[in-house]
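Here's the structure, in structure tokens; my notes come after.
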Amino acid sequence: MNDASFPPILPTYARAPLSFERGEGAWLIERDGRRFLDLTSGIGVNALGHAHPALVATLTEQAGKLWHTSNLFNIPAQEALAAALVEHSFADTVFFTNSGTEALELAVKMTRRYWHQAGAPERHTILAFEGAFHGRSMAAISAAGSAKLTEGFGPLLPGFLHLPFGDHDALDAALDDSVAAVIVEPIQGEGGIRPLPDACLKGLRAACDRTGALLIFDEVQCGMGRTGKLFAHEWAGVTPDIMMIAKGIGGGFPLGATLATARAAQAMTAGTHGTTYGGNPLACAVGTKVMEIITDPAFLGHVARKGATLRQKLEGLAAAHPQVIESVRGTGLMLGLKCKVPNTDLVAAARDQHLLTVPAADNVVRLLPPLTITKDELAEAVTRLDRAAGILA
Ligand SMILES: *Cc1c(COP(=O)(O)O)cnc(C)c1O
């Protein structure tokens, strides 16, 4: 007999009581017809909004031709997407996954294999930063290290050392030539929209060059145009050796990737890694279309300008509601409101105004609108946030 008192869906999420049936651009439509302005983008996933006509057409066309063949064969859509990613990034090579977590797994495996091939398998420590988020697998929670993610799931994967966010002295002390790699989000997402200053990214690159450690950027949330550049690290003018992307690249279809330089990837020879679904024709057809749209310099320019306008409006909102909002953080359309009230109260109050936002750590409310959102929609979002904050004050 089933235990009817236990929910049929494993209750690991505290869900909002909303069931959406349709989406149109920056709007989600509930089963009962109510329209919600969506500043979640499915947590930074629906970069081009809901039901983007070009993505619907691409996915539909591919669905009528071929869904899956496995990586036993060449996959032309995968080759096209890899070529686009290589053309527009530091990377020489790409491995496709279904999620950011899987991309993290490969980044860790690639790092270990790199040092194994270099004849220094004992060099396996990866430095990571407090507040980081890299996914939910054992390697990913071990990499992030927070009690919230790891409690009760030990023993964790060894080989990670966690440093306080922004502590240069701790980094200098830890980053010697026993370190295999450093992993960092250029802007922490789940951690509360905490950008690593450009000077720190530059310093990290220099320190890794000095010791030979690989530099890994997790751009799963901050990449794919979210900050107004294709990748967030471009603002600092430095490049990593390995980078994970996911979320925005699929525009809502599950897709992730690990990008790497030829040097970092050299030990990953045939048979060392694989995936059944990763890089399938459906995901890669959509990803190629997403890349085509987002890499247009005019598109990225729009994101940067809309982000600057939104940020300015949010600063005004913070000034108008000092008891509710302490400060505004972030870049482009990856913005956060550091709250004085519990962040979940502001998320709930905004939801009452039919505006959807995402809570993050550090008592922050995240705003991750579709990159295609219009200026009028952003103004409407700020009006609704203003009403929500007014009710809480
Ligand atoms: C969401 C996220 C991940 C994990 O991606 P999944 O697709 O959920 O596995 C990893 N890193 C960062 C920075 C993320 O925001």
Side-chain angles (χ1 to χ4, degrees), residues 10 12-13 39-47 95-111 126 128-146 148-150 153 157 160 162 165 181-196 201 215-227 230-233 240 242-259 275 277-280 283 286-287 290 329-336 357-362 364-369 371:
L10 193 72
T12 60
Y13 278 97
L39 300 199
T40 73
S41 301
I43 319 189
V45 167
N46 305 99
F95 183 92
F96 292 104
T97 66
N98 309 289
S99 67
T101 301
E102 290 163 88
L104 174 280
E105 289 287 331
L106 174 55
V108 172
K109 285 179 72 176
M110 190 181 281
T111 297
I126 298 179
F129 293 91
E130 285 171 7
F133 182 79
H134 301 299
R136 300 290 196 149
S137 67
M138 288 307 300
I141 65 172
S142 303
S146 70
K148 187 176 167 229
L149 291 169
T150 60
F153 294 119
L157 189 69
F160 296 96
H162 301 99
F165 185 82
V182 180
I183 183 166
V184 67
E185 295 156 82
I187 303 175
Q188 283 189 353
E190 304 299 315
I193 311 292
R194 295 200 297 174
L196 207 66
L201 284 178
L215 183 56
I216 306 171
F217 287 163
D218 182 343
E219 292 230 16
V220 169
Q221 195 160 145
C222 63
M224 290 312 297
R226 177 80 19 217
T227 66
L230 183 57
F231 299 115
H233 67 261
I242 300 172
M243 177 170 77
M244 296 102 75
I245 60 172
K247 296 201 164 106
I249 179 70
F253 199 92
L255 175 62
T258 306
L259 284 65
T275 168
Y277 290 123
N280 66 76
V286 175
V290 169
R329 309 165 165 183
T331 310
L333 290 175
M334 184 172 186
L335 295 169
T357 60
V358 201
D362 205 23
V364 164
V365 171
R366 258 180 297 176
L367 309 178
L368 302 169
L371 307 182

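Since the model is a prediction, treat every value here as computed from it, not as a measurement. Just so you know, ligand 1 is whichever comes first in the structure, and atom 1 is the first atom listed for that ligand. For this chain, numbers begin at 1 and follow the sequence in order.
The nearest protein atom to atom 6 (P) of ligand 1, hydrogens excluded, is given as Gly100 N, 3.4 Å; this is a heavy-atom distance. Protein heavy atom at the shortest distance from atom 2 (C) of ligand 1 is Lys247 NZ, 2.6 Å. When hydrogens are left out, the protein atom nearest atom 11 (N) of ligand 1 is Asp218 OD2, 2.7 Å; that is the closest non-hydrogen contact.
The pair Arg366-Glu190 counts as a salt bridge, with a side-chain nitrogen and a carboxylate oxygen less than 4.0 angstrom apart.
Heavy-atom proximity to atom 4 (C) of ligand 1, evaluated over Gly191, Ala144, Gly135, is greatest for Gly135.
Using a 4.5 Å heavy-atom threshold, the side chains of Ile183 and Ile242 count as separate. Two residues are said to be in side-chain contact when any heavy atoms from C-beta on lie closer than 4.5 Å; Leu259 and Phe95 fail this criterion.
Relative ring orientation between Phe217 and His233 is described as tilted, the plane-to-plane angle lying within the 30° to 60° band.
The two residues Ser41 and Arg226 make their nearest non-hydrogen contact at OG-NH2, 3.8 Å. For the residue pair Thr97 and Ala257, the shortest heavy atom distance occurs at OG1-N, 3.6 Å.
Every atom of ligand 1 is numbered from 1 in the order shown, and the set under 4.0 Å from a heavy atom of Thr101 is 4 (C), 5 (O), 6 (P), 9 (O). Residue contact check: Glu185 has heavy atoms under 4.0 Å from atoms 13 (C) of ligand 1. When each atom of ligand 1 is checked for a heavy atom of Ser99 under 4.0 Å away, the hits are 7 (O), 9 (O).
Considering both main-chain and side-chain atoms, Phe133 comes within under 3.5 Å of ligand 1 through a nitrogen or oxygen pair.
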